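Both backbone and side-chain heavy atoms feed into the values below; hydrogens, waters and symmetry mates do not. These numbers were taken from a predicted model, which means no experiment stands behind them. We count ligands from 1, going down the list as the structure has it; atoms in each ligand are counted the same way.
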Amino acid sequence: MPAPRGAVPVQDRGRFRRRLGAGFAGLLGGAAGVAVAQLVAAAARPQAAPLVAVGATVIDAAPTPVKEFAVRTFDTYDKPVLLGGIGLVLAAVAVLAGVLARRRPVAGVLGAALFGLVGAAAALTRPAAEPGDLLPSVAGAVVAAIVLHQLPRRADGPTRNGSAPLAAVRTTDRVPVADFEAEPAAAEDPGRTGGTRRDFVRVATVVAAGTALSGAAGYLLTQIRARDASRSRQTVRLPAAARPAGPLPTGVQPGFHTPNAEFYRVDTALTVPRLDVDDWRLRIRGRVDRPVELRFTDLLRRELVERDITLNCVSSEVGGPYVGTARWLGVPLAPLLREAGIQAGADQVVARSAEGMTIGTPVETVLDGRDAMLVVGMNGEPLPHEHGFPVRMLTPGLYGYAGACKWLTELELSTFDDFDAYWVRRGWAARAPVKTASRIDRPAPFARMSAGTVPVAGVAWAQRRGIRAVEVQVDDGRWQVAALAPAPSADTWVQWRYDWHASPGTHTLRVRAVDGRGEVQTGQRVAPFPSGATGWHTVSVTVA
Ligand SMILES: Nc1nc2c(c(=O)[nH]1)N[C@H]1C(S)=C(S)[C@@H](COP(=O)(O)O)O[C@H]1N2
Ligand SMILES: [Mo]
């Protein structure tokens with residue numbers, strides 16, 4: 001190396017800069033690959049996008065405690081956090097591939113191939129995968145491979161043996177000491193190094209522009225898809241119910257129905273499945289005498305019922321937010337299954353969804369007279385996409401993971417011995433009746449208020465059994481009976497209220513319910529896993 005004495009720092013800095021450039025080139029290659037993969041997926045099948053498929057695979061593979069931690073820590077941001085994490089790992093790998101590819105372009109190709117393999121493997125092993133789902137990953141990998149092969153070495157200028165890595169560079173017998181920026185040595189021959197840098201910048205610019213374009217096109221396609229899907233939803237005209245729910249009993253307070261936009265959402269879907277109602281089919285198969293396939297219009301021709309039903313999630317903590325009540329319009333499920341002819345021994349209905357969820361419901365709960373239904377309407381409109389459009393299942397009295405499959409596509413009559421549904425495989429209870437629960441909504445935790453009469457209010461629920469009474473305890477005092485608003489049925493929550501004569505100081509408010517069978521809600525604190533939380537909701541407040 002003809003590096004002059006004393007110029008070592010400059011040379012080091014030059015090498016660092018070349019590596020920086022190569023790392024940046026790697027990042028660009030990764031970004032280009034992802035953008036192209038997303039674009040191809042947006043055009044073909046959104047769920048086949050490598051980021052989404054890898055994310056979904058991570059969600060499915062994550063042990064239950066990790067999932068719980070993620071939901072607890074990040075709440076509804078768990079999915080963006082997951083995608084962000086995957087993005088960071090990807091970026092790190094891309095930078096590394098770029099740095100290595102500066103001297104060995106084949107390393108860049110290998111890095112890209114790895115990216116493609118992981119993405120394709122994830123996409124192809126999704127429960128609802130199709131062979132074509134490997135295309136987005138392959139397309140992305142090819143683009144990333146080309147960029148990672150061509151760009152990082154251009155960060156380097158002419159190589160040691162004098163052969164220029166690109167035609168535009170004039171050969172020289174001198175190794176550029178610093179070619180990425182106008183360092184002293186480079187300044188001696190601005191034409192040569194300028195050419196190298198210019199070529200790197202030119203290629204990088206083209207790649208960046210292509211990446212941005214692909215990204216924009218992918219985004220646009222996604223928007224168009226969403227618009228088409230919402231059009232499909234808008235074409236739906238729901239018939240009136242043969243058995244409507246009727247007006248709410250007088251005395252029911254505002255807020256009884258949870259508006260669709262505020263209804264909690266719990267699912268494993270990284271992208272909301274947006275199904276087209278005309279393409280939708282429901283197969284009823286398995287241990288039935290007459291398998292059937294139904295279209296959406298077939299469902300609407302049947303007798304529809306309308307019911308107020310409270311739905312809640314098993315993963316909700318005591319006092320947690322994953323509970324809501326809606327007016328559901330749907331097709332009663334029991335007659336539908338009976339028509340298909342349930343065979344002796346079948347004790348589990350396995351519901352499958354468009355994105356591959358499986359939810360197992362005891363056959364007896366569908367047939368015992370409760371309003372188990374295939375829901376098509378929610379609070380007066382077609383089901384929102386987030387809540388399972390066009391059709392979801394709903395089983396009053398069971399937690400959502402055991403009876404409320406969204407984006408429903410198949411009902412298989414099976415047995416609990418033969419099949420473990422998604423959450424059961426992850427340790428959650430196979431049979432999951434809702435536990436009696438109550439919640440204080442007012443006052444808010446740690447609220448400050450002045451002495452006098454303070455309304456304490458909230459909801460209590462024990463679907464199928466109903467709520468007989470709600471009691472409130474202040475500090476360690478006697479349990480006081482709260483006033484209950486009427487409820488349309490045992491399948492909904494009940495609004496309660498207790499007028500508390502608050503005295504100055506810090507106080508603890510506690511609530512418990514008594515279900516329709518006279519059983520008092522247990523105060524024993526139990527975590528949501530594996531069959532639902534128990535314990536009394538407690539709120540501390542300060543009275544001035
Ligand atoms: N396809 C599908 N259906 C699903 C789920 C899911 O992840 N995928 N989650 C279940 C769970 S755990 C609950 S609590 C309810 C929540 O329904 P919601 O999001 O409409 O409130 O949907 C159930 N149905
Ligand atoms: Mo749930």
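The option with the heavy atom closest to atom 14 (S) of ligand 1, from among Tyr264, Tyr399, Trp407, is Tyr264. Which of Arg392, Arg265, Met378 comes nearest to atom 15 (C) of ligand 1 through a heavy atom is settled by distance: it is Arg392. In this structure, of Glu355, Arg352, Lys406, the residue bringing a heavy atom nearest to atom 8 (N) of ligand 1 is Glu355.
In summary, the side chains of Ser489 and Arg307 do not present any donor paired with an acceptor at a separation below 3.5 Å, with no hydrogens or angles considered.
Crowding of Arg517 atom CZ: a count of heavy atoms from other residues, nucleotides or ligands under 6.0 Å not exceeding 12. Residue-environment remark: CZ (Arg295) stays at or below the threshold of 12 foreign heavy atoms within 6.0 Å. Within a 6.0 Å radius of CD in Glu293, more than 12 heavy atoms belonging to other residues, nucleotides or ligands are found.
The shortest separation from a heavy atom of Ile359 to ligand 1 is under 4.0 Å, placing the residue in contact.
Within the listing of ligand 1, atoms 5 (C), 6 (C), 7 (O), 8 (N), 9 (N) sit less than 4.0 angstrom from a heavy atom of Asp267. Shown in contact with Tyr401 at under 4.0 Å from a heavy atom are these atoms of ligand 1, numbered in order with element: 11 (C), 12 (S). Close approach to Phe263 involves these atoms of ligand 1, each under 4.0 Å from a residue heavy atom: 21 (O). Near His387, with a cut-off below 4.0 Å to any heavy atom, the atoms of ligand 1 are 18 (P), 19 (O), 20 (O), 21 (O). The Cys405 neighbourhood of ligand 1 comprises atoms 3 (N), 24 (N), with distances under 4.0 Å to a heavy atom of that residue. Atoms of ligand 1 lying under 4.0 Å from any heavy atom of Cys313, numbered from 1 in the order shown and given with element: 14 (S).
At a 4.0 Å heavy-atom cut-off, ligand 1 touches Ser353 through the side chain alone.
For the pair Arg287 and Phe419, the cation does not sit on the ring face, since its NZ or CZ is not both under 6.0 Å from the ring centre and inside 45° of the axis. In this structure, Arg431 is positioned above the aromatic face of Phe416, its NZ or CZ under 6.0 Å from the six-membered ring centre and within 45° of the axis.
Where the criterion is an N or O separation shorter than 3.5 Å, residue side chain and backbone included, Gly400 fails it with respect to ligand 1. Where the criterion is an N or O separation shorter than 3.5 Å, residue side chain and backbone included, Ala404 meets it with respect to ligand 1.
The protein heavy-atom contact nearest to atom 10 (C) of ligand 1 is Val266 O, 3.9 Å.
The aromatic rings of Trp328 and Phe263 stand perpendicular to each other, their planes meeting at an angle above 60°, with 30° marking the opposite boundary. Ring pair His385/Phe389 is perpendicular by interplanar angle, where above 60° counts as perpendicular and below 30° as parallel.
Atom NZ of Lys67 sits about 6.0 Å away from atom CG of Asp60, to the nearest 0.5 Å.
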